[in-house]
Protein chains: 2
Amino acid sequence: MVARQVDPDRVFAALADPTRRDIVTRVLREPASVSTLAAGYAMSFAAVQKHVAVLERAALVTKQRRGREQLVRGEIDTVRAVGRLLDDYEELWRGRIGRMEELLAEDSRKDTP
Amino acid sequence: MVARQVDPDRVFAALADPTRRDIVTRVLREPASVSTLAAGYAMSFAAVQKHVAVLERAALVTKQRRGREQLVRGEIDTVRAVGRLLDDYEELWRGRIGRMEELLAEDSRKDTP
DNA sequence: CTGACGTGCAACCACAAGGTTGTACGTTAC
DNA sequence: GTAACGTACAACCTTGTGGTTGCACGTCAG
């Protein structure tokens, strides 16, 4: 349950936008509806909804119907999975290779076709 | 020296590309010249050079002249700084706020103008 | 000195990304 | 039932991004 499969492309790209990072911080504190979130930003509702969709595809948030609202909730497990990705870099840097090979091979398949 | 200032936008965006992540893993293992790196990918030299430039702007790598070559070296401190950013999310999730306020305010200035 | 190498940069192209407005549809309130 | 709310999505525009080729410049080998 803890070992969440994470798409590095999507997660890092999702976190590269300040609005999306802010949304993540807000829903990690406590879940909120999309319109509640949208009220906090100087952009259209549709724009915020798109940001939420990007975060959802990256598994950084999940949505849950609650009446006619949609509760957006932060997914800390995905954040932790990203942290683990970074730990892999750390180990690489320390010169420890070992099982690293297959993990990185999976990631760089599309790089070196 | 350890406390490296990191631009979340640039670092996350830089890490969102598989080729760039692969470059980072390679130069974290051991520094390499740009052309050596370029030889490993199925794209033009200029494309790889641009990727390296993006990584350099994000402070994920540094370049160092060595004769007519340019040694690209991975910057583990920046990776660690990103990890610390993620730790902030973790603390947020745990409900610990405190000094978090000013840290996040600095990050979300551009979000909520 | 000349030539090859390694690098940086500009111009260009295709497509993805972030924003907008407008429309549609299910759900609650009255 | 009607109206308002919350959400989703399509169409569109503009800008950014990842790729290309071509050219210029410094550095080393001969």
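Each chain gets a letter, A, B and so on, in the order the sequences are listed, and its residues count up from 1.
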With respect to the phosphate group of [N], does any side-chain polar atom (N or O) of [X] fall under 4.0 Å of OP1 or OP2?
X: Arg20(A); N: dG18(C); value: yes
X: Thr19(B); N: dG18(D); value: no
X: Ser33(A); N: dG6(D); value: no
X: Lys63(A); N: dT7(D); value: no

Taking atom [atom2] of [N] as reference, at what distance in whole Å does atom [atom1] of [X] sit?
X: Asp17(A); N: dA16(C); atom1: CG; atom2: P; answer: 18 Å
X: Arg66(A); N: dT28(C); atom1: CZ; atom2: C1'; answer: 15 Å
X: Met43(B); N: dT21(D); atom1: CE; atom2: C1'; answer: 16 Å
X: Arg10(A); N: dA16(C); atom1: CZ; atom2: P; answer: 13 Å
X: Arg65(A); N: dC25(C); atom1: CZ; atom2: P; answer: 15 Å
X: Asp9(A); N: dA17(C); atom1: CG; atom2: P; answer: 10 Å
X: Arg57(A); N: dA8(D); atom1: CZ; atom2: C1'; answer: 13 Å
X: Glu69(B); N: dC25(D); atom1: CD; atom2: C1'; answer: 17 Å

If you round to the nearest 0.5 Å, how far is CH2 of Trp93(A) from CG of Leu28(B)? 9.0 Å
Nucleotide of [options] approaching [X] most closely (side-chain heavy atoms):
X: Arg68(B); options: dT27(D), dG18(D), dG18(C); value: dT27(D)
X: Gln49(A); options: dC9(D), dG18(D), dT20(C); value: dC9(D)
X: Ala46(A); options: dT7(D), dA4(D), dT21(C); value: dT21(C)
X: Ser44(B); options: dT21(C), dT21(D), dG6(C); value: dT21(D)

Nearest-nucleotide comparison on DNA chain C, the residue closer to the 5′ end among Val54(A) and Thr36(B):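 The residue closer to the strand's 5' end, by nearest nucleotide, is Thr36(B).
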Applying a 4.0 Å non-hydrogen cut-off, can you work out what Ser35(B) is touching in the nucleic acid: base, sugar-phosphate, or nothing? sugar-phosphate
Run the salt-bridge test on Asp87(A) and Arg84(A) with the 4.0 Å N-O cut-off and return the result as yes or no.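 So Asp87(A) does not pair with Arg84(A) through a salt bridge.
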Basic-acidic side-chain contact under 4.0 Å: Asp9(A), Arg21(B): yes
Do Glu90(A) and Arg94(A) come within less than 4.5 Å of each other through their side chains, counting heavy atoms only? yes
State, with a plain yes or no, whether a side-chain heavy atom of Asp77(A) is found less than 4.5 Å away from one of Val6(A). no
Between Gln70(A) and Phe45(B), which is nearer to the 5' end of DNA chain D once each is assigned its nearest nucleotide?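 Final value for this comparison: Gln70(A).
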Using heavy atoms to find the nearest nucleotide of DNA chain D for Leu71(A) and Lys50(A) separately, return the residue whose nucleotide is more 5′.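 Comparing both residues, the 5'-ward one is Leu71(A).
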